[in-house]
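In what follows, a structure is listed as structure tokens, so that the remarks can point back to it.
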Protein chains: 2
Amino acid sequence: MSVKTMPRNRIFKLEELRNHCQKCSLYQLCLPMGLEEGDLNKLDQIIQRRRPVEKGEFLYRIGDPFSAVYAIRAGSLKTFTTNQEGHEQIIGFHLPGELLGMDAISREIHTCSAQALETVSVCEIPFERLESLSHEIPGLQHHLLSLMSEELQHEHCHLAVLAKATVESRLASFLTQLSERFKARGFSATEFNLSMSRNDIANLLGMAVETISRLFTQFQDQGLLKVERKHVHILDSASLHAMANTCSSAISEEDDDASQNSSS
Amino acid sequence: MSVKTMPRNRIFKLEELRNHCQKCSLYQLCLPMGLEEGDLNKLDQIIQRRRPVEKGEFLYRIGDPFSAVYAIRAGSLKTFTTNQEGHEQIIGFHLPGELLGMDAISREIHTCSAQALETVSVCEIPFERLESLSHEIPGLQHHLLSLMSEELQHEHCHLAVLAKATVESRLASFLTQLSERFKARGFSATEFNLSMSRNDIANLLGMAVETISRLFTQFQDQGLLKVERKHVHILDSASLHAMANTCSSAISEEDDDASQNSSS
DNA sequence: GTCTGTGATTGATCTGGATCAAGCTATTTC
DNA sequence: GAAATAGCTTGATCCAGATCAATCACAGAC
């Protein structure tokens, strides 16, 4: 709420928000991936930039009518469902470049809530317009389907982890995947901040907070990583990866680093 | 393998297989849902009817190149992933009217295997042709997205069940959902045969076979159901549903039976 | 600066469900 | 028909990880 001495900076940021997909650093990850300039402009025109969502605020809540999907520009969110008894189950954490809300398409209401873990800026994409645009642009339709398919794959791995893995393996898998996602976004794969609480991690992985805490200490004692509050420094990603033993890696090993190698 | 005295019947069945979507009893559940006659014919033309997949055979295996999605006409299958150590994790069981293989879109290889639990007949739909047809037919594109979105929702519930639910709640949730799916297909909601083994159920729900066995006995003792080998007769679906306490039901209660009420 | 509340850590205890072991029941093979 | 095999059930034991309890560390409020 306090603005302090950064108004110029603030204005610059707002200007940046008005920027188009072409200029966005997430271009390669996000919806416009692979589109030609003309098509990109069409997409750009239907996208609405909203004011940032502050930590703890909801982007949408379970039961809300579905009207748009959201591309994350900056910050991170968690999505979760709630059962009859009010128990909250976290579905996932979401990073810049990811598209949120697609699971609401069939029912036309949101079936989970999306809450900001820190200040988040998103692009709002009205779904009806996105759908009609997908008819004009073949690549866009395919990309939409492709993004949903990726989401499915990711959930499959998550399922496998919850169904069988030990607690060590769960946390290792979580950290490994997070690390890979940071890397894909141009951040460090070995050093990052956790925007979610231990409680949230425990919930996602189906275990108790105390166990998460103990495992962080254990991993540190084993020299796998250094952890201080939110800050994580991975020291031995190979061991961590081996510990994880997830389903996806059975396939992804082959084409791990084969995707992001254009300019530079 | 043995044909016995049913050749006439066999020929009739084959003829039926050649039938078009219009005549298919799964019309309301499957891909053609909501399409007009002209569009339906177009879709019909790209669909290939294959020979039945026998019990234990694979429709596709993890790692296979992705070229088509499959609509189940009859029978049931399981899909599962495999991790590095070869551990098999079942993702789901699939019934007539469901579309299989969409999770392979992004990688263009299958990320899980689909194996028949009994003799299965499927419609093979070449994906490239389906995609281009979706450009012509607005409803088809939406329906594709919608089906994937439903799949996502379903996985979210599955996640919630695995992460927190007790073993009772897991099995109750499994049986409740299965019952609802049978009902939606015009079968009895209270009496059905399980095409999968106890082992498969245990695997799906992340527990030991022994526990499944004990729970079936327990449920029977509690008067919730009667079970004899593969045959299940649900006696008290209300209690079973209450026991389940899944995420989806928090929303679906309102519009539970509000979807299927056209003719008759 | 102190106070307060929230989240994280560490230790002690307990238990739900896995694992181990054995017997049972269909179904298939010969 | 008997024998073999695969799948299911039941009982006894054990342990991974939850729960309970206490303390600690930090961020905000005033």
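By convention in this document, chain letters (A, B, ...) are assigned in the order of the sequence lines, proteins followed by strands, and residues within each chain are numbered from 1.
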- line: Closest to the 5' end of DNA chain D, once Asn199(B) and Ala208(A) are matched to their nearest nucleotides, is Asn199(B)

task: Answer yes or no: side-chain N or O of Arg170(A) and base N or O of dG17(D) forming a donor-acceptor pair under 3.5 Å.
output: no

query: Does Thr166(B) put a side-chain nitrogen or oxygen below 4.0 Å from OP1 or OP2 of dG17(C)?
result: no

task: List the atom of Leu235(B), the atom of Gly223(B), and the distance in Å for their closest heavy-atom pair.
output: CB-O, 3.7 Å

message: Check this for me: does any side-chain nitrogen of one of Glu57(A) and Arg51(A) sit under 4.0 Å from a carboxylate oxygen of the other?
response: yes

Whole-Å gap separating P (dC8(D)) and CE (Met207(B)): 14 Å

message: Between P on dT9(D) and CZ on Arg214(B), what's the gap in Å once rounded to a whole number?
response: 11 Å

Sidechain N-carboxylate O distance under 4.0 Å for Lys78(B), Glu88(B): yes

query: Think Ser213(B) has a side-chain N or O under 4.0 angstrom from the OP1 or OP2 of dC8(D)?
result: no

message: Expressed as a whole number of angstroms, how long is the span from His231(A):NE2 to dG7(C):C1'?
response: 19 Å

task: Give a yes/no on whether any side-chain N or O of Lys230(A) is located under 4.0 angstrom from OP1 or OP2 of dG7(C).
output: no

statement: note: Met196(A), atom CE; dG7(C), atom P; distance rounded to Å ~ 15 Å

field: Nearest-nucleotide 5' precedence on DNA chain C, Phe216(A) against Lys164(A)
entry: Phe216(A)

field: Residue from Phe80(B), Phe58(B), Phe66(B) passing ring pair (Phe, Tyr, Trp, His ring centres under 6.0 Å) with His110(B)
entry: Phe66(B)

Give every pair of a protein N or O atom and an N or O atom of nucleotides 22-25 of chain C that lie under 3.5 Å apart, one pair per line with the distance.
none

query: Glu210(A) has an atom CD; how far is it from atom P of dC20(D), in whole Å?
result: 10 Å

query: Tell me: CG of Leu194(B) to C1' of dC8(D), nearest whole Å?
result: 13 Å

query: What distance separates Ser173(B) OG from His241(B) NE2, expressed to the nearest 0.5 Å?
result: 9.5 Å

message: Measure CD/Glu168(A) against C1'/dA16(D) and give the value in whole Å, please.
response: 9 Å

- request: Let me know, please, whether Val227(B) or Val209(A) comes out on the 5' side of the other along DNA chain D by nearest nucleotide.
  value: Val227(B)

message: On the side chain of Arg198(A), is there an atom forming a donor-acceptor pair with the base of dT10(C) - under 3.5 Å, no angle test?
response: no

query: Please give, in whole Å, the distance from dG11(D) P to Leu215(B) CG?
result: 14 Å

message: Counting neighbours of NZ on Lys55(A) that are heavy atoms of other residues, nucleotides or ligands and sit closer than 6.0 Å, is the number greater than 12?
response: no

- prompt: Does the pair Arg73(B)/Glu98(B) count as a salt bridge with the N-to-O cut at 4.0 Å?
  reply: no

